Each structure stands twice: as structure tokens, then as C-alpha cells.
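Every value quoted in this text rests on a predicted model; they were computed, and no experiment measured them. A note on names: the letters A, B, ... follow the listed sequences, proteins ahead of strands, and every chain is numbered from 1.
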Amino acid sequence: MQPAKAETSQTATKDMKDIVALCKRRGFVFPASDIYGGINGFWDYGPLGVELKNNLRDLWWRRMVTCPPIGPDGHPVQIVGVDSAIIQNPKAWVASGHVGGFSDPMVDCRETKLRYREDKLKAMTVVDKKGDNFYIAFDEDADQEIIQKRLKKLGIAYEANAPMGAFEKMYKDVPNFLEKVIGPDASKVGTLTPPKQFNLMFQTYVGATADEDSKAYLRPETAQGIFLNYKNVLDSSRVKIPFGIAQIGKAFRNEVNPRNFIFRSREFEQMELEWFCHKDDAAKWQKFWFEERKKFWKDLGLSDENLQMRNHDSDELSHYAKAGLGTADIEYKFPFTAPGFGELEGIAHRCDFDLTQHQQHSGEKMEYIDPDDPKNRYIPHVIEPAAGLTRGVLALLCEAFTPDPNRPSGVYLNFHPKIAPKKAAILPLMAKDGHPEKAEKLYMELREEFPVDLDIKQNIGKRYARQDEIGTPFCFTIDNDTMNDDTVTVRERNTMAQERISMSKVAEYLRTKMKV
RNA sequence: GCGGGUGUAGCUUAGUGGUAAAGCUCCAGCCUUCCAAGCUGGCUAUGAGGGUUCGAUUCCCUUCACCCGCUCCA
């Protein structure tokens with residue numbers, strides 16, 4: 001079909017470079033510490049970026065907490081919010097598995113440029129012609145067949161009884177081990193680097209002394225702040241299973257390699273819901289939230305074409321999701337992932353992993369007591385729709401970015417009016433003949449209800465172009481006719497079409513458009 | 001973290017071992033009855049640090065940031 005084809009080619013012209021440049025030029029996103037040359041993995045949100053981000057954040061909160069969706073039983077589901085501390089007792093991160101899971105030592109291969117987790121490797125001891133030992137490293141999953149094939153390729157006779165040991169242990173025990181070992185995919189000895197620690201949690205010290213006892217972590221996810229408060233919320237807010245606790249906030253991960261603008265940064269924002277339900281209902285609720293969340297992103301203007309739903313393969317599941325129903329991702333086709341997709345939100349079945357862990361580590365009972373049957377006590381299961389707020393902002397920016405050679409700006413941002421940083425601009429056609437005064441009158445009328453711009457300087461074309469670039473959906477223009485009959489023209493961003501409406505109807509006009 | 005590439009004004013580009021140039025944007029003013037028009041004026045740059053040199057934006061080293069590929073993304 002022709003139109004679809006045209007749309008695809010337009011999508012293909014979206015270039016991250018142009019999007020990043022527009023973000024900086026118009027004040028959406030700046031490199032953090034720009035005047036000092038930036039800092040890898042950190043970004044600042046400018047005057048328009050913070051509006052956009054706040055709009056997305058507020059819409060999520062409204063959709064989840066203030067006005068939660070209607071459940072399968074026809075009644076609104078029950079969700080309350082929290083805002084927990086970024087720094088918590090470090091024991092919380094031991095219980096959650098982050099302190100262990102985040103500090104795996106890694107080994108690099110200089111020959112193949114591949115990287116391995118040290119604890120996932122094993123090594124075989126082989127004797128060469130001179131009678132000296134050397135070693136061949138394998139992936140821990142390598143079976144007999146793989147091992148035989150590899151040995152054949154390396155020209156080494158296979159010996160069924162050749163000793164095989166954990167890489168970790170042999171690195172410690174065998175002198176100059178690295179000089180004598182062939183990497184899992186290498187052809188020569190001595191290409192592996194010493195194991196290096198990659199701790200993905202940011203560390204700090206609480207209090208004046210910087211010693212082991214005062215060590216603390218910046219949270220790598222907002223979810224744990226919810227689990228930590230599960231009991232407090234249950235005891236204070238009369239919620240009953242099934243119910244949810246929501247949180248929006250910053251999280252920090254010392255990523256090895258931040259990439260792709262704000263997609264993977266070291267400081268980012270999450271919007272997470274932990275939905276507590278009975279184990280037997282987990283499947284039902286995961287489906288419910290998956291549909292609900294998909295609808296959310298579509299309602300904000302992300303197109304079907306750019307959205308994809310994908311279930312995690314079993315080998316990519318997180319430690320907490322392995323035993324359950326798995327994780328379903330909502331993915332977006334970012335310009336830098338296209339034709340592939342990148343994660344926007346994950347809907348995970350965390351089972352009872354987190355509450356059980358906290359119960360064990362803290363000694364506090366995390367059981368829920370069924371009010372209808374007090375003998376029925378259980379640790380609820382959790383369905384977690386966890387979305388990236390800053391990733392959402394990026395998706396909205398990428399979706400909105402629309403090159404258009406037919407207009408002066410060459411590009412416009414096609415934001416839904418609900419998320420546009422500015423809802424309208426009021427533009428007197430000329431800076432004389434009473435136009436500015438009329439414009440200011442309209443501006444004063446609208447400003448209390450809508451974020452609007454009043455722009456008087458320069459010719460009208462430049463002003464339309466500027467509003468196109470920041471994604472303002474409507475421009476109200478005051479001209480000589482306004483002086484006579486109090487009507488203004490509405491210029492619609494996407495079509496550039498104009499219609500004339502009464503000045504007194506402008507607020508109502510905007511109100512209507514906000515709902516669509 | 002590895003390999004490759006790139007860093008000159010807000011943007012796009014020029015140029016040189018010896019005063020860093022232009023277009024657009026932006027700002028001010030004039031003009032202007034609807035899409036970056038015109039005229040006048042203005043602000044703003046060699047990513048940072050070090051070395052060689054009488055003199056470095058240019059050559060060398062280090063570093064930082066960004067882009068691409070790998071890796072990583074619990």
C-alpha cells in the first residue's frame with residue numbers, strides 16, 4: 001500500500017544525530033556538566049525536556065494511582081503510591097540479590113575481544129610435548145561434544161580423563177595461570193586479562209567516616225523501596241490483596257558502557273508498580289497489566305508499527321523471575337535499534353522472591369493474612385510493570401520527530417497535545433496596531449489553565465517554525481480582523497491548516513483537544 | 001572495558017606553525033497583513049591539560065566527550 005510505504009521511508013530518515021541536536025538546540029536534553037566537557041552516562045533535562053518528562057510522569061501517576069484502571073471485575077483496581085529513600089540500609093541490597101549479582105568479576109580476551117564472567121568458565125589441564133602443563137578455558141556449559149570439537153580444531157588429542165576445574169579456582173591456585181591458558185574462543189595462550197570487578201551499584205559512605213561499616217549504595221531500582229515498605233503500607237492504608245504500590249523516582253547503575261543518548265544512562269528514572277496478588281492469580285494479572293501498559297503507550301501516541309511485545313527467553317530472565325511466568329517486554333523501535341527494538345517497559349512476574357528474601361534477611365513476617373479466612377496466610381506474588389521514564393521520554397521524542405522538507409523548519413515534533421511541553425503559542429501577526437495588546441489579553445486568560453507561550457518578536461514564519469520544532473500543537477494568531485470581531489486563527493501544527501474561531505472559544509478549544 | 005572514527009561559534013562548514021572566515025540560528029532595531037523574506041547592528045568558537053617551538057587551532061603526548069562495531073545491560 002502506497003501510504004504505508006511513504007510512512008516507512010519517513011521513519012527511516014529519523015537520525016539520532018538530528019534528534020540529539022534538536023534536543024540541545026531547543027532545550028530538551030543537554031549533556032550533564034556540558035561546560036566541563038560532559039560526563040559519560042549523565043544528562044540534564046532543559047526547560048522543555050523537564051516539562052515533557054513531568055508530563056509523562058504525571059500521566060503515568062494519574063493512570064496508576066490517582067485514577068487507576070478498571071479491573072477484570074468491573075471495579076477500579078487498588079493502588080497507592082510511595083516515595084522511598086534512594087539510600088537504604090545496605091542489608092536490603094544483600095537480600096534483593098544486588099550486592100552479589102552486581103559484582104561478578106569479568107575476564108576479557110585480547111585476541112577475540114570477547115568478555116566472560118569468570119564464574120561461568122571452567123578450564124581443562126593438558127600436558128604438552130615437553131611435559132609442561134597448559135590449560136584450555138571453556139564455557140561452563142560446554143559439553144563433551146563441544147570440548148572434543150574444540151580440541152580437534154586446536155590439534156590437541158582428546159583425553160577423557162583430563163582434569164577440568166573451575167576457572168576461578170585455577171586462577172588463584174596455578175602460578176602464572178593466565179600465561180598458560182587458551183581463552184574459550186581463542187587460538188593462542190595468554191590472551192586473557194585478569195578478572196576485573198564490575199560493581200554496577202554506586203557506592204557511598206553514610207556519615208563522616210568512610211569505612212566498610214558505613215558503606216551504602218544508591219538504589220539500582222525503585223522496586224526495592226516498595227518491598228521495604230510493603231508491611232508499613234499494609235498496616236497503615238487498609239489495602240487488601242490484590243493491590244498495588246507505585247513509585248516514580250531516580251535509580252543509579254554504574255553501567256559499563258552507557259550508550260545511545262538517554263537510552264542507557266547511569267542515572268535514570270523509573271516508574272514502577274508492584275502488584276501484589278495471590279499466586280494462583282498471577283497469570284491473570286500479568287496479562288491484565290500487559291494489556292493495560294501497552295494501551296498506555298499507545299494512548300500517548302507511540303505507533304503500532306514502532307511497538308513490539310516480546311517474551312524474555314528463559315536464559316535472559318532475571319534471578320527473581322526464573323521460577324515464575326517470565327517477563328514480557330514492551331519494546332520500541334528506536335532509530336538506533338531499528339530495524340530491531342529496545343526495551344521500554346518490562347512486565348515481570350517476580351513471584352514471591354523479594355518479600356521472601358526480605359522476610360529471611362530482616363526476620364520480619366511478610367505474610368498476608370486473608371481477612372475472610374485468617375488461617376490462610378501467604379506471601380503474595382508480585383507482577384511488576386516497570387517502565388523507564390527517561391526511556392519513555394526518548395521514545396516520545398523519537399516518535400514525534402518528523403522531518404518535513406515542505407516547511408521552513410524542515411522538521412516538527414508531533415507530540416500528542418497531552419504530552420507537548422507547550423500546548424499553544426499566542427502570536428500577534430505584527431508588533432503594532434494593537435496586536436500585542438490583544439495577544440497579551442488572550443495569554444493572560446489562558447496561562448492559568450495551560451502552559452502557553454506568548455511570542456511577539458520577529459516575523460510570523462519564524463515563530464511558526466520555532467513552535468514546530470518544540471512540538472507546540474496549536475498557534476493562535478491575532479491579526480487585523482481580530483481587532484474588529486475578536487476572532488483569531490488557529491494554526492494546526494501537523495497540517496499547517498488554519499481556521500478562524502472566536503477568541504472567547506480558545507480555552508474551550510484547547511480543553512477539547514487535550515482530551516483526544 | 002576493547003578496537004576504529006570525530007572534536008573550530010547554538011548549527012553547518014572553511015582555513016592556517018604567525019590577527020581564525022562564512023552562511024544559517026540567536027539578540028537588538030527598522031520594515032512587514034500568515035509560514036525561517038528584506039535592511040542595519042550585535043553576541044558567540046579551535047573540548048581539556050601538557051610537550052616541542054620565538055610563536056600551536058595546526059605537530060606530538062595524555063585526557064575528556066560523542067559516534068560506529070564488539071562487550072555489558074543483574
Side-chain angles (χ1 to χ4, degrees), chain A residues 15-18 20-27 30-43 93 96-104 106-117 185 191 193-201 220-221 223 253-261 263-266 268 316-322 327 336 342-343 346 348 388 391 404 406-412 427-433 435 457-469 475-483 488-493 495-498 500:
Chain A
D15 188 340
M16 260 338 266
K17 260 191 191 150
D18 299 332
V20 174
L22 177 71
C23 282
K24 185 172 180 190
R25 182 154 40 92
R26 289 304 182 187
F30 305 123
S33 311
D34 203 7
I35 59 170
Y36 289 102
I39 174 165
N40 194 357
F42 297 90
W43 301 90
W93 303 113
S96 69
H98 287 87
V99 169
F102 260 121
S103 47
D104 301 317
M106 307 292 286
V107 173
D108 287 326
C109 178
R110 295 191 195 92
E111 181 187 333
T112 61
K113 310 299 176 202
L114 295 170
R115 168 175 292 168
Y116 311 93
R117 257 176 73 169
D185 299 277
T191 65
T193 64
K196 279 173 270 186
Q197 287 273 336
F198 290 90
N199 193 339
L200 286 151
M201 276 198 293
E221 63 175 22
R253 292 180 197 179
N254 206 349
E255 296 284 356
V256 174
N257 193 0
R259 275 289 166 90
N260 294 324
F261 198 34
F263 181 76
R264 177 171 300 128
S265 48
R266 292 188 163 126
F268 57 101
E316 62 179 316
L317 286 176
S318 319
H319 57 276
Y320 51 73
K322 280 204 163 42
T327 298
F336 49 84
E343 182 188 341
R391 276 187 185 181
D404 179 3
N406 296 321
R407 67 177 70 204
S409 57
V411 65
Y412 66 101
L427 311 174
L429 191 56
M430 291 185 298
K432 60 175 188 182
D433 296 345
H435 295 185
K457 298 283 178 185
Q458 296 180 327
N459 76 55
I460 192 74
K462 286 189 186 186
R463 284 178 281 162
Y464 284 149
R466 189 183 304 127
Q467 297 300 334
D468 278 350
E469 278 203 340
C475 291
F476 299 107
T477 306
I478 279 79
D479 59 16
N480 279 342
D481 290 347
T482 315
M483 300 299 122
V488 296
T489 59
V490 189
R491 183 253 193 195
E492 206 269 333
R493 175 195 61 209
T495 59
M496 300 195 280
Q498 300 193 354
R500 212 161 179 99

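Taking the C1' atoms as reference points, G7(B) lies 12 Å from U57(B), given to the whole Å. Atom C1' of G49(B) sits at a distance of 33 Å from the matching atom of G23(B), rounded to the whole Å. Between the P atoms of C39(B) and U32(B), the separation comes to 16 Å (whole Å). Nucleotides A45(B) and G10(B) have their P atoms positioned 7 Å apart, rounded to a whole Å. Between U62(B) and U19(B), the two P atoms lie 29 Å apart (nearest whole Å). Atom name C1', nucleotides U44(B) and A21(B): the rounded distance is 14 Å, in whole Å. Here the separation of U40(B) from C35(B), taken at their P atoms, is 23 Å to the nearest Å. For the C1' atom pair drawn from U46(B) and U6(B), the interatomic distance equals 14 Å after rounding to whole Å.
Rounded to whole Å, atom C1' of U12(B) lies 14 Å from atom CG of D15(A). Following rounding to the nearest Å, R259(A) (CZ) and C67(B) (P) show an atom-to-atom distance of 7 Å. A9(B) atom C1' lies 17 Å from atom CD1 of I35(A), rounded to whole Å. Taking atom CZ of F336(A) as the reference point, atom P of C67(B) lies 10 Å away to the nearest angstrom. We find that CG of N260(A) is positioned 7 Å from P of C67(B), with the value rounded to whole Å. Atom P of nucleotide C30(B) and atom CE of M430(A) are separated by 14 Å, given to the nearest angstrom. In this structure, CD of Q467(A) is placed 17 Å from P of U25(B), rounded to the nearest angstrom. In this structure, CD of E221(A) is placed 9 Å from C1' of A74(B), rounded to the nearest angstrom.
Among the heavy atoms of the strands, none lies under 4.0 Å from K17(A). Within the 4.0 angstrom heavy-atom criterion, only backbone atoms of the sugar-phosphate kind lie near F261(A); the bases stay farther away.
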- prompt: For every nucleotide of nucleotides 35-43 of chain B, 5' to 3': is a protein heavy atom under 4.0 Å from its base (B), only from its sugar-phosphate (S), or from neither (-)?
  reply: BBB------
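T477(A) has its side chain out of reach of Q498(A): every pair of non-hydrogen atoms, C-beta onward, lies at least 4.5 Å apart. No side-chain heavy atom of N260(A) sits less than 4.5 Å from a side-chain heavy atom of M16(A). With contacts defined as side-chain heavy-atom distances shorter than 4.5 Å, the pair D433(A)/M483(A) does not qualify. Annotation: side chain of R500(A) is in contact with side chain of T482(A) (closest heavy-atom distance under 4.5 Å). Side chains of D18(A) and V411(A) form no contact here, defined as non-hydrogen atoms less than 4.5 Å apart.
C72(B) is unpaired under the criterion used here, namely a Watson-Crick or G-U wobble arrangement in which both key atom distances are under 3.5 Å. Across all strands shown, U52(B) forms no Watson-Crick or G-U wobble pair with both distances under 3.5 Å. Under the Watson-Crick or G-U wobble criterion, with both distances below 3.5 Å, G29(B) is paired with C39(B). A65(B) and U6(B) make up a base pair, with Watson-Crick or G-U wobble contacts both under 3.5 Å.
To the nearest 0.5 Å, the span separating CZ on R391(A) from CD on E343(A) amounts to 5.5 Å.
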Please list, pair by pair, any protein nitrogen or oxygen found under 3.5 Å from a nitrogen or oxygen in nucleotides 62-65 of chain B.
unit_1: A65(B); atom_1: OP1; unit_2: N40(A); atom_2: N; d: 3.0
unit_1: A65(B); atom_1: O4'; unit_2: G37(A); atom_2: O; d: 3.0

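Remark: the backbone N or O of N40(A) is paired with a side-chain donor or acceptor of R266(A) at under 3.5 angstrom. Here the side chain of H435(A) pairs a donor or acceptor atom with the backbone of M430(A) at under 3.5 angstrom. R253(A) places a side-chain N or O within 3.5 Å of a backbone atom of P220(A) that can act as its donor or acceptor partner.
For the pair D479(A) and M16(A), nearest-nucleotide mapping onto RNA chain B gives the more 5' position to D479(A).
Here the nucleotide nearest the side chain of T489(A), chosen from C34(B), C68(B), C27(B), is C34(B). Of the candidate nucleotides A74(B), C27(B), U32(B), A74(B) has the atom nearest to the side chain of R253(A).
Applying the side chain to side chain contact (heavy atoms under 4.5 Å, CB included) rule to N459(A) yields the partners K462(A); only residues at least two apart in sequence or on another chain are considered.
Phosphate contact (OP1/OP2 of C26(B), side-chain N/O of K457(A), threshold under 4.0 Å): absent.
Relative to the ring axis of Y464(A), R491(A) places its NZ or CZ within 45° and under 6.0 Å from the centre.
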